[in-house]
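Only one structure is covered here, and it is reproduced in the block below.
Counting starts at 1 for both ligands and their atoms, in listed order. Here, residue 1 is the first one in the sequence, and each next residue gets the next number.
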Amino acid sequence: MISANRITKSFGDRVLWSDLSFTVEAGEMVALVGPSGSGKSTVLNCLGTLEPVDSGAIVVAGREITRVRAGARRRLRRDTLGYLFQNYALIENATVDFNLDVAVTTRDRRSSAEALQRVGLGGRGRDRVYRLSGGEQQRVALARLIVKKPKVVLADEPTGALDSDNATMVIDVLRQMARQGCAVVIATHSKHVEGGCDATVDLGGR
Ligand SMILES: Nc1ncnc2c1ncn2[C@@H]1O[C@H](COP(=O)(O)OP(=O)(O)OP(=O)(O)O)[C@@H](O)[C@H]1O
């Protein structure tokens, strides 16, 4: 589903990673690890077509995303990619329900309600996002992914703001999405999260 082939990325004269290659199959969950500043978020941004690589190729769902035009990139983001990033990318002034509705083309109240239940936010659909805690917002972002059902999930420290029970829930949900055929990449500092993955890509060269 995802194949990164000898990708290199620098900011100025600082090389973050060079000749990095890895694959993530459909159904697989891969941890992206390495010290702070080693470029984990940047890898996710490159896989997510939000940042270009300097050299090498990335293929996602059969498309070489390092070469596609803006229109195809937009379609990939809409139809194939799912992001679970640190800013949660939620619409803060809107309700939880509205944030889930924008992820799907058909309005499906039941699947939204089930997704909220799954992340421990059953009955909170009418709450406005800015009133929720950081961890609750993180879980709304996860519920939005559940209703979107993307082929690829890119998660950046998805357990960062959560207690251990909720962290376990997040990993369980991502595992369930993988079982349904999704390729999941998780940037993390957590050994616990890494342990729950099928493979590790280490940017620190340990
Ligand atoms: N757009 C940018 N322009 C310049 N430098 C950048 C840019 N984005 C990231 N960097 C730098 O690249 C390095 C890697 O950042 P990145 O966020 O990918 O690391 P990380 O491994 O995810 O770190 P952390 O574990 O602390 O979240 C950092 O030194 C950061 O300052």
- prompt: Would you call Thr188 and Leu32 a side-chain contact if the rule is heavy atoms closer than 4.5 Å?
  reply: no
- line: Looking only at heavy atoms, the pair that brings Leu121 and Val140 closest together is CD1-CG2, 3.7 Å
field: Proximal protein residues to ligand 1, non-hydrogen atoms under 4.0 angstrom
entry: Phe11, Arg14, Leu16, Pro35, Ser36, Gly37, Ser38, Gly39, Lys40, Ser41, Thr42, His189
message: Run the side-chain hydrogen bond (donor to acceptor under 3.5 Å, both in side chains) test on Ser55 and Arg6 for me, step by step, so that the C-alpha distance in whole Å, both residues' side-chain angles and the decisive distance to 0.1 Å come before the verdict.
response: CA-CA 7 Å; Ser55 63; Arg6 302 192 66 178; over 6 Å; no
- prompt: Is the count of non-hydrogen atoms from other residues, nucleotides or ligands lying under 6.0 Å from Lys148 atom NZ greater than 12?
  reply: yes
message: Can you tell whether the side chains of Arg124 and Asp127 come within less than 4.0 Å, N to carboxylate O?
response: yes
- line: So the salt bridge (charged side-chain N to carboxylate O under 4.0 Å, His left out) pairs with at least one residue in residues 43-58 (sequence neighbours excluded) are Lys9-Glu51
